[in-house]
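Since the structure comes first, as structure tokens, the remarks are kept for the end.
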Amino acid sequence: MSTEANFVPLKTWRELPHDEMRLRAAAFADDMHRRRTVREYSPRPVPREVIVDAVRAAASAPSGANQQPWHFVIVERADVRKQIREGAEAEEREFYGRRAPDEWLAALAPLGTDEHKPFLETAPYLIAIFYERHGVKPDGSKFKTYYAPESVGIATGLLIAALHQAGLATLTHTPSPMGFLREILQRPVNETPYLLLVTGYPADDVKVPDIRRKAMADILTIV
């Protein structure tokens, strides 16, 4: 039996004039630099279709061997968001009170974070992102996944960009460990929680830390 891939003509790529390329690249960069992580949210509802389309954009990410080793759980039910908050805050109390090294706590201090995570209930949506440590075939047998965390990281970046483009704020939340997420959301054992993404409208009176992004000279080398 042949294992060769079935190749088809590329019909989705569009070449753009150089001037338009520059305008698009600059406009996208400028718009993404408006993005800020937000920790205070309005409970205002957001159309579910917006969140679903953002996940659809995330699912276009490249992945190792095209295995697409991700699963996204959109959490909109208030009772489930409450359970997730309780599970996250239990882990965060351990983190801030016992597990976190002093150096890590010092790095977090300027951001004003602590074990209290009300945004997990206030925001209208949480998106729990999982990666497959291994795949499962229809017959129940396992197969290895390649570059799963890296692939899911790329997909998460696209998801954050898509939500920002739609006019929503986001927060990446990674309580450690996150096993409670798999239990609450009843995900299979081959899936590992990767990240919890909070999204919605920012609160009317929200404030964000006065921080600066690194200059291009500090992050870019051209050879």
Side-chain angles (χ1 to χ4, degrees), residues 35 37-39 41 46 48-95 99 113 115 117-166 168-200:
R35 190 204 63 79
T37 293
V38 171
R39 291 180 171 81
Y41 286 83
V46 173
R48 180 193 295 172
E49 294 79 10
V50 173
I51 309 302
V52 171
D53 274 339
V55 172
R56 187 164 65 90
S60 73
S63 61
N66 191 38
Q67 291 177 322
Q68 304 167 58
W70 43 63
H71 192 89
F72 304 86
V73 180
I74 297 173
V75 184
E76 58 185 0
R77 281 173 44 190
D79 61 321
V80 181
R81 285 186 281 120
K82 184 176 187 295
Q83 289 182 62
I84 290 175
R85 178 184 178 181
E86 291 170 352
E89 288 188 337
E91 296 297 349
E92 294 286 55
R93 282 192 293 271
E94 282 291 307
F95 172 79
R99 291 200 298 257
T113 62
E115 68 271 24
K117 309 297 178 184
F119 47 75
L120 294 174
E121 282 192 85
T122 307
Y125 285 102
L126 307 177
I127 306 173
I129 304 168
F130 295 82
Y131 74 89
E132 294 180 344
R133 289 181 289 111
H134 61 265
V136 180
K137 297 179 181 179
D139 63 3
S141 61
K142 300 177 183 179
F143 62 89
K144 181 178 176 59
T145 54
Y146 298 94
Y147 299 104
E150 294 86 349
S151 301
V152 176
I154 296 169
T156 299
L158 289 180
L159 178 58
I160 292 170
L163 291 166
H164 174 73
Q165 289 284 298
L168 298 175
T170 55
L171 166 68
T172 54
H173 183 45
T174 52
S176 179
M178 288 192 285
F180 67 92
L181 270 181
R182 187 170 58 222
E183 295 175 11
I184 291 172
L185 299 175
Q186 300 181 349
R187 298 307 307 160
V189 295
N190 68 309
E191 292 183 4
T192 296
Y194 181 80
L195 186 142
L196 191 58
L197 191 66
V198 183
T199 190

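Nothing here was measured: the structure is a model prediction, and the numbers come from that model.
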Inset, instruction - Measure the spacing between CD1 of Ile84 and CZ of Phe180 and express it to the nearest 0.5 Å. - result: 7.0 Å

Inset, instruction - Can you see which heavy atom on Val38 is nearest to which on Leu171, and at what distance? - result: O-CB, 3.3 Å

Inset, instruction - Identify the heavy atoms of Gln67 and Tyr146 that sit nearest to each other, and give their distance. - result: OE1-N, 2.9 Å

Inset, instruction - Could you tell me whether Asp139 and Lys137 make a salt bridge, using a distance below 4.0 angstrom between a side-chain N and a carboxylate O? - result: no

Legend entry - Test side-chain contact (heavy atoms from CB on, under 4.5 Å) applied to Pro193 - qualifying residues, sequence neighbours left out: Phe130, Met178, Leu181, Arg182

Legend entry - Side-chain (Arg133) to main-chain (Val189) donor-acceptor, under 3.5 angstrom: yes

Inset, instruction - Measure the shortest side-chain to side-chain distance between Leu159 and Phe72 over non-hydrogen atoms and say whether it is less than 4.5 angstrom. - result: yes

Legend entry - Interatomic distance, Glu89 atom CD to Lys117 atom NZ [nearest 0.5 angstrom]: 8.0 Å

Legend entry - Heavy-atom pair of closest approach, residues Ala128 and Leu185: CB-CD1, 3.5 Å

Inset, instruction - In sequence, state the C-alpha distance, the side-chain angles, and the governing distance for Arg99 and Glu91, and then conclude on salt bridge (Lys or Arg N to Asp or Glu O under 4.0 Å). - result: CA-CA 10 Å; Arg99 291 200 298 257; Glu91 296 297 349; 3.2 Å; yes

Inset, instruction - Decide yes or no for Glu132 and His71: does some side-chain heavy atom of the first lie under 4.5 Å from some side-chain heavy atom of the second? - result: no

Inset, instruction - Return yes if some donor-acceptor pair links the side-chain N/O of Thr156 with the main-chain N/O of Val152 below 3.5 Å, else return no. - result: yes

Legend entry - Neighbour count above 12 (heavy atom, 6.0 Å) for Tyr147 OH: no

Inset, instruction - Sequence neighbours left out, what passes side-chain contact (heavy atoms from CB on, under 4.5 Å) with Glu86? Give chain and number order. - result: Lys82

Legend entry - CA sep, side-chain torsions, deciding dist, call: Ile160, Leu197, side chain to side chain contact (heavy atoms under 4.5 Å, CB included): CA-CA 8 Å; Ile160 292 170; Leu197 191 66; 3.9 Å; yes

Inset, instruction - Report yes if the side chains of Gln68 and Ser151 come closer than 4.5 Å at any heavy-atom pair, otherwise no. - result: no

Legend entry - Taking every non-hydrogen atom, the tightest pair across Tyr41 and Gly200: CE2-N, 3.7 Å

Inset, instruction - Could you walk me through whether Arg81 and Tyr125 pass side chain to side chain contact (heavy atoms under 4.5 Å, CB included), step by step? - result: CA-CA 8 Å; Arg81 285 186 281 120; Tyr125 285 102; over 6 Å; no

Inset, instruction - Taking the side chain as every heavy atom from C-beta outward, state whether Ser141 and Val136 have any pair of such atoms under 4.5 Å apart. - result: no

Legend entry - For Glu115, side-chain contact (heavy atoms from CB on, under 4.5 Å) partners two or more places apart: Glu92, Arg93, Tyr96

Inset, instruction - Indicate yes or no: at least one non-hydrogen side-chain atom of Leu196 is less than 4.5 angstrom from one of Val75. - result: no

Inset, instruction - Work out which heavy atom in Ala61 is nearest to a heavy atom in Trp70; give both atom names and the distance. - result: O-CH2, 3.2 Å

Legend entry - Rounded distance [0.5 Å steps], CD1 in Ile129 versus OG1 in Thr174: 11.0 Å

Inset, instruction - State yes or no: are the ring centers of His173 and Phe119 separated by less than 6.0 Å? - result: yes

Inset, instruction - Report yes if the side chains of Lys144 and His134 come closer than 4.5 Å at any heavy-atom pair, otherwise no. - result: no

Legend entry - 4.5 Å side-chain heavy-atom contact, Pro118 and Arg85: yes

Legend entry - Distance-minimising heavy-atom pair for Ala169 and Thr199: O-OG1, 2.9 Å

Legend entry - Heavy-atom check, side chain of Leu163 versus side chain of Ile51, under 4.5 Å: yes

Legend entry - Main-chain N/O of Gly135 paired with Asn190 side-chain donor or acceptor, under 3.5 Å: no

